[in-house]
Visitor: 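Quick one: the structure is below, questions incoming.
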Amino acid sequence: VIPIGVHPACTAAPEAEADAAAEQMLGRTVPAEPLILHVGSTIARKRVDLLLQIFAELKRIVPRARLVRAGGNFTAAQDEMATRLGVADSTTVLPFLSRATLAAVYRRAALVLLPSDSEGFGLPVIEAMACGTPVVASDLPALREVGRDAAVYCRPGDVPAWTSTVAELLQERVACPAAWAARREACIARASAFTWSASAEAMEKLYLMLWKPVAADGLTRGGCR
């Protein structure tokens, strides 16, 4: 398996222009008002309905938490659900973002959530971790393969488990700075393996392993033209 790479804009290092653009959209962030970020489409398998339920329950524990979505507007049903759950006023849906600005939004988030039912790779996991932002993801083979021990996992659809896990991590962020810093460093270290140069080198090795020189008679040594 040859994994894809992460765009070089995804970094924990500040980038003045992009950071200013993110601040203009989201305002200043403080620990008492943690941003919970979801990046991805609103198709069914992304389980935005679960995201909204988790956030609604989290608001009971962390009343000033805010939900930020990047990846397109809510569907009409999702808008209705956000209103019914009482979280519409605490939710920001962002417009299309450049890669640099998206990275700045990742950096401003306290946590990234990915409550999907299925994923082929889970690019937001690695993008978030490359920006130094911890991730809570569905316990799916593809996401574990990508995040390994640097991410935290919850059973898909288990709203109480997601809520308590997110609340505990937000508490760690405030009460245990050393543990939080170590978690961020583990994220960055894991994400550093996913570069496009590493992906290209692995692909080159695969091509060389499969390539068979063609002899003068037009046949490869395996007997195929």
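This structure is a prediction, so every number in the text was calculated from the model and none was measured.
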Visitor: Decide yes or no for Ile61 and Leu170: does some side-chain heavy atom of the first lie under 4.5 Å from some side-chain heavy atom of the second?
Guide: no
Visitor: Restricting to side chain to side chain contact (heavy atoms under 4.5 Å, CB included), what partner residues turn up for Arg45, sequence neighbours left out?
Guide: Ile43, Ser118, Glu119
Visitor: Is the count of non-hydrogen atoms from other residues, nucleotides or ligands lying under 6.0 Å from Glu23 atom CD greater than 12?
Guide: yes
Visitor: Could you tell me whether the side chain of Ser199 and the main chain of Thr195 form a donor-acceptor pair under 3.5 Å?
Guide: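 Such a contact is absent between Ser199 side chain and Thr195 backbone.
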Visitor: Do the side chains of Arg107 and Glu15 get close enough for a salt bridge, i.e. N-O under 4.0 angstrom?
Guide: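 Salt bridge absent between Arg107 and Glu15.
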Visitor: With side chains defined as the heavy atoms from C-beta onward, is the minimum distance between Leu94 and Val105 less than 4.5 Å?
Guide: yes
Visitor: Do the side chains of Asp79 and Thr75 get nearer than 4.5 Å, heavy atoms only?
Guide: no
Visitor: Once you round to the nearest 0.5 Å, how far does CE of Met129 lie from CZ of Arg190?
Guide: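 The distance works out to 6.5 Å.
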Visitor: Side chains of Pro95 and Met25: closer than 4.5 Å at any heavy-atom pair?
Guide: yes
Visitor: Do the side chains of Arg84 and Glu80 get close enough for a salt bridge, i.e. N-O under 4.0 angstrom?
Guide: yes
Visitor: To the nearest 0.5 Å, what is the distance between CG on Leu67 and CG on Asp89?
Guide: 12.5 Å
Visitor: When rounded to the nearest 0.5 angstrom, what distance separates CZ in Arg184 from SG in Cys131?
Guide: 9.5 Å
Visitor: Answer yes or no: is there a side-chain heavy-atom contact under 4.5 Å between Trp162 and Ser138?
Guide: yes
Visitor: Taking C-beta and beyond as the side chain, do Pro3 and Val146 meet within less than 4.5 Å on heavy atoms?
Guide: no
Visitor: Salt-bridged, Arg155 to Asp139, with N to O below 4.0 Å?
Guide: no
Visitor: Checking Arg69 side chain against Val48 main chain: does a donor-acceptor pair fall under 3.5 Å?
Guide: no
Visitor: Rounded to the nearest 0.5 Å, what's the gap from CD1 on Ile126 to NE2 on His7? Could you check?
Guide: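 Here the rounded value is 16.0 Å.
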Visitor: Say whether, by atom type as modelled, one donor and one acceptor occur between the side chain of Ser90 and the main chain of Arg66 under 3.5 angstrom.
Guide: no
